[in-house]
Amino acid sequence: MKKLLRSADFAGDSQTVARTLIGAVLLIDGVGGRIVETEAYDRADPASHSFAGPTARNQSMFGPPGRAYVYRSYGIHWCLNFVCREEGHGAGVLIRAIEPLEGLDAMRRRRGVDDPRLLCSGPGRLGQALAITHDLNGRRLDQPPFQVHAADAAYETVAGPRIGISKATELHWRFGLAGSRFLSRPFSRGRTPD
DNA sequence: CGAACGATTAGCT
DNA sequence: GCTAATCGTTCGA
């Protein structure tokens, strides 16, 4: 039924990929759910880890599209990105929240909470619930343990400013599933710019 | 080599 | 709403 996304599906620019990923289903070792919130980052983007060029940390952002870029946030959390565009460019999509669908018990055990809305609503929480660590950095998204299914319907998306950054706040490169209760934070009501 | 700073979260006021 | 926790990465001296 559902189409599995392959490397070529991540060849677009990060904004397009980020919006297209809303409604897709991400599983890691069979645990995961529907992507409801993403953020786009690009080489020509002061808020992006890739802005200053390749470094030891961000090297997978400059690798082939369709792979994972995993980084440590605030020395505490593991956050997951999908590399997109083309090899050498340095573009990616941060996966910020999913609606838990599969492996709820494993997620609850890893997170230590019961409320489904607190399992994967935020990049750090999602990383913990899906047991993401640095050993997934650079791994192909179309091979185990990853499984990314294309959205099975036309989901209505909303856009707004990205969260937790201090530069390029005027760009509305955060995307969400309209009306989802599993967002890390609500989107301001009204319009859907960009 | 030292220092500042996060693509965050949880807990308390 | 405000802040501590916590440490790898990055940049300047």
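Every chain is numbered from 1 and lettered A, B, ... according to where its sequence line falls, protein lines coming before strand lines.
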- Query: Hey, can you pull the residues of residues 111-135 of chain A with a non-hydrogen atom under 4.0 angstrom from DNA chain B?
  - Reply: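 Residues of residues 111-135 of chain A that come under 4.0 Å of DNA chain B are, in numerical order, A/R111, A/G122, A/P123, A/G124, A/R125.
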
- Task: Go through residues 52-73 of chain A and report each residue with a non-hydrogen atom lying under 4.0 Å from DNA chain B, sorted by number.
- Result: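 Heavy-atom contacts with DNA chain B come from A/M61, A/Y71, A/S73.
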
What pairs with [X] under side-chain contact (heavy atoms from CB on, under 4.5 Å), at least two apart in sequence or on another chain?
X	result
A/A11	none
A/V83	A/Y69
A/S48	A/Y41, A/D45, A/S50, A/M61
A/P186	none

- Answer yes if the side chains of A/S184 and A/E37 hold a donor-acceptor pair under 3.5 Å, and no otherwise.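 Yes - a donor-acceptor pair under 3.5 Å links their side chains.
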
- Consider only side-chain N and O atoms of A/R110 and A/Q128, and report whether a donor and an acceptor are under 3.5 Å apart.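 Absent: no donor and acceptor within the cut-off.
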
- Separation of the P atoms in C/dT3 and B/dC5, to the nearest angstrom: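 Here C/dT3 and B/dC5 have their P atoms 16 Å from each other.
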
Only pairs under 3.5 Å count here: list side-chain donor-acceptor contacts from residues 100-108 of chain A, not counting sequence neighbours, and write none if there are none.
{"from": "A/R108", "atom 1": "NE", "to": "A/D114", "atom 2": "O", "distance (Å)": "2.9"}

- Task: Scan for ring-ring contact (aromatic ring centres under 6.0 Å, His included) pairs involving residues 116-159 of chain A, sequence neighbours excluded, and state none if there are none.
- Result: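 Qualifying pairs, neighbours excluded: A/W78-A/H134.
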
- Query: Side-chain contact, heavy-atom cut-off 4.5 Å: A/E87 with A/P64?
  - Reply: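 Yes, side chains in contact.
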
- Query: Is any side-chain heavy atom of A/L141 less than 4.5 Å from a side-chain heavy atom of A/L5?
  - Reply: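 Of all side-chain heavy-atom pairs linking A/L5 with A/L141, none is under 4.5 Å.
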
- Item | Intermediate values then yes/no, salt bridge (charged side-chain N to carboxylate O under 4.0 Å, His left out), A/D115 and A/R117 | CA-CA 5 Å; A/D115 187 347; A/R117 293 171 65 170; 5.4 Å; no

- Identify, with sequence neighbours excluded, every residue that meets salt bridge (charged side-chain N to carboxylate O under 4.0 Å, His left out) alongside A/R67.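 With neighbours one apart ignored, the set is empty.
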
- Query: Measuring from A/F187:CZ to A/S180:OG, what's the distance to the nearest 0.5 Å?
  - Reply: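 Nearest 0.5 Å value for the CZ-OG distance: 9.5 Å.
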
- Message: Of all nucleotides in DNA chain B that come within under 4.0 Å of a heavy atom of chain A, which is furthest toward the 5' end and which toward the 3' end?
- Response: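 The contacted stretch runs from B/dG6 to B/dA10.
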
- Note on the structure: Dot-bracket assigned to DNA chain C with the 3.5 Å Watson-Crick/G-U criterion, [ ] for crossing and | for other-strand pairs, is |||||.||||||.

- Query: What residues in residues 75-103 of chain A put a non-hydrogen atom under 4.0 Å from any atom of DNA chain C?
  - Reply: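 Nucleic-acid contacts, sorted: A/G75, A/I76.
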
- Message: Restricting to non-hydrogen atoms, name the atom on A/V158 and the atom on A/A178 that form the minimum distance, rounded to 0.1 Å.
- Response: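 Result for this residue pair: CG1-CB, 4.0 Å.
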
- Could you tell me which non-hydrogen atom of A/P144 sits nearest to which non-hydrogen atom of A/R139, and how far apart they are?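 Where A/P144 meets A/R139 most closely, the heavy atoms are O-NH2, 3.7 Å.
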
